[in-house]
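To start, the structure itself, in structure tokens.
Every value quoted in this text rests on a predicted model; they were computed, and no experiment measured them. Basis for what follows: all heavy atoms, side chains included, without hydrogens, waters or symmetry-related copies. Protein chains get the first letters and strands the later ones, always in sequence-line order, with residue 1 at the start of each.
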2 protein chains.
Amino acid sequence: MTTRNMEDYLEAIWNLQDKKGYVKAKDIAERLGVSRPSVSGMIRKLSENSYILYEKYGGIVFTAKGKKLAREIKKRHTLLVEFLKIVGVDEQNAQQDACKLEHDVSPETITCLLEFVEFISLLPESSRWKENFQEYLKKRGLLGRSSNKNKKL
Amino acid sequence: MTTRNMEDYLEAIWNLQDKKGYVKAKDIAERLGVSRPSVSGMIRKLSENSYILYEKYGGIVFTAKGKKLAREIKKRHTLLVEFLKIVGVDEQNAQQDACKLEHDVSPETITCLLEFVEFISLLPESSRWKENFQEYLKKRGLLGRSSNKNKKL
DNA sequence: TAATAAAGTTAGGTATGCCTAATAATATTA
DNA sequence: TAATATTATTAGGCATACCTAACTTTATTA
């Protein structure tokens with residue numbers, strides 16, 4: 001099994017690979033806000049569990065297993081962000097929350113959220129669902145804020 | 001600050017208090033699927049942090065601070081369950097997922113979900129939003145299953 | 001009330017994951 | 001190429017949270 005932390009590292013590695021074409025321990029550390037020794041430790045662990053290939057002082061490459069998992073995590077993340085935006089969470093918060101939530105959503109819930117997002121996107125223009133919801137949020141003064149921290153729970 | 005674990009224990013205590021009128025370490029252990037020594041440790045911690053009042057071999061009582069937090073956690077949980085059910089997650093999965101998700105949702109997202117749930121419940125009968133969504137799910141064969149584990153991510 | 005059972009605590013150990021300080025390897029550049 | 005700077009690793013420790021085994025306290029009941 002993978003821990004939430006292993007998933008975070010895998011996702012970070014995936015994103016770095018995507019963005020820079022290669023992955024350095026130092027960059028992982030920066031991205032996750034963690035010390036380099038922590039990264040070293042996790043790299044060993046991910047390597048021992050065959051999610052990545054690694055040799056000391058060498059480069060990091062996904063195994064098939066690791067790639068598959070990283071891709072799933074990434075998809076989960078993207079889906080969550082999409083969903084959160086639909087219900088009115090702003091981009092930045094959506095990104096942050098997705099990172100935290102993505103470890104805990106069950107496959108059943110993932111499926112439901114996926115269906116929900118699709119359903120909304122497939123609604124005919126005439127339904128104006130999104131517009132109505134946005135209207136509703138606006139009326140309640142909840143749109144276009146960067147934070148609602150002080151709102152009632 | 002509270003850890004995710006402290007929150008879980010506080011919620012368990014809240015629920016037991018609610019259901020039985022009193023709280024025994026043994027019941028907490030059972031509810032959380034954890035050993036009695038683990039409960040002892042956490043009780044000490046919660047007590048040291050003034051969430052509960054406790055004396056060795058005695059009863060457990062919330063402080064004002066603890067009660068406030070426990071109530072918030074509980075509300076968060078209820079909201080998440082409500083929301084998950086709206087998007088088609090079955091009761092049991094909704095309960096389980098809510099337990100895991102409730103620690104990570106930001107206040108802003110909580111607010112949005114709350115608005116969403118309210119918005120849906122306030123829709124006029126004529127909109128038949130829920131029915132349409134259920135219809136959609138049914139067509140895709142996703143309703144009334146106990147699990148969708150094998151569905152695509 | 002004395003023996004037994006149930007509940008709670010302490011002691012000691014495991015695993016994850018983080019940190020700083022010190023060391024080793026690789027890269028850079030003088 | 002030799003000195004320096006960068007990057008990565010190991011060593012040693014801290015905090016959380018869990019466990020089992022042994023012990024203590026409280027409750028039950030014979």
Grab the [atom1]-[atom2] distance between [X] and [N] for me, whole Å please.
X	N	atom1	atom2	result
H103(B)	dA17(D)	NE2	C1'	14 Å
I43(B)	dT25(D)	CD1	P	17 Å
E55(A)	dT7(D)	CD	P	21 Å
M42(B)	dT9(C)	CE	C1'	16 Å
D8(A)	dT16(C)	CG	C1'	14 Å
E48(A)	dG17(C)	CD	C1'	15 Å

Around [X], counting heavy atoms of other residues, nucleotides and ligands shown, do more than 12 lie under 6.0 Å from its [atom1]?
X	atom1	value
E55(B)	CD	no
K24(B)	NZ	no
K65(A)	NZ	yes

query = Just checking V39(B): base, sugar-phosphate only, or nothing, at a heavy-atom cut-off of under 4.0 Å?
reply =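 Since no nucleic acid heavy atom lies under 4.0 Å of V39(B), the category is nothing.
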
inquiry  = Is the distance from the ring center of F62(A) to that of Y54(A) below 6.0 Å?
reply    =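 For F62(A) and Y54(A), the ring centres are not under 6.0 Å apart.
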
remark   = Expected string for nucleotides 3-8 of chain C under the B/S/- scheme (protein heavy atoms, under 4.0 Å, primed atoms plus P, OP1, OP2 as sugar-phosphate) is ----BS

task = Can you figure out which of dC19(D), dT16(C), dT9(D) approaches the side chain of P37(A) most closely?
result =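 Given the options dC19(D), dT16(C), dT9(D), the side chain of P37(A) is closest to dT9(D).
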
Examine [N]: is either OP1 or OP2 under 4.0 Å from a nitrogen or oxygen in the side chain of [X]? Give yes or no.
X	N	value
N5(B)	dT16(D)	no
S35(B)	dC19(D)	yes
Y9(A)	dC18(C)	yes
K45(B)	dA17(D)	yes
R44(A)	dT10(D)	yes

ask   = Does any non-hydrogen side-chain atom of E82(B) lie less than 4.5 Å from one of L113(B)?
value =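 Side chain of L113(B) against side chain of E82(B), heavy atoms only: no contact under 4.5 Å found.
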
request  = Classify the ring geometry between Y136(A) and F119(B) as parallel (under 30°), tilted (30 to 60°) or perpendicular (over 60°).
outcome  =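 Aromatic pair Y136(A)/F119(B) classed tilted.
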
key: Aromatic ring pairing F83(B)/F116(B), orientation class (parallel under 30°, perpendicular over 60°, tilted between)   =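 Correct class here is perpendicular.
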
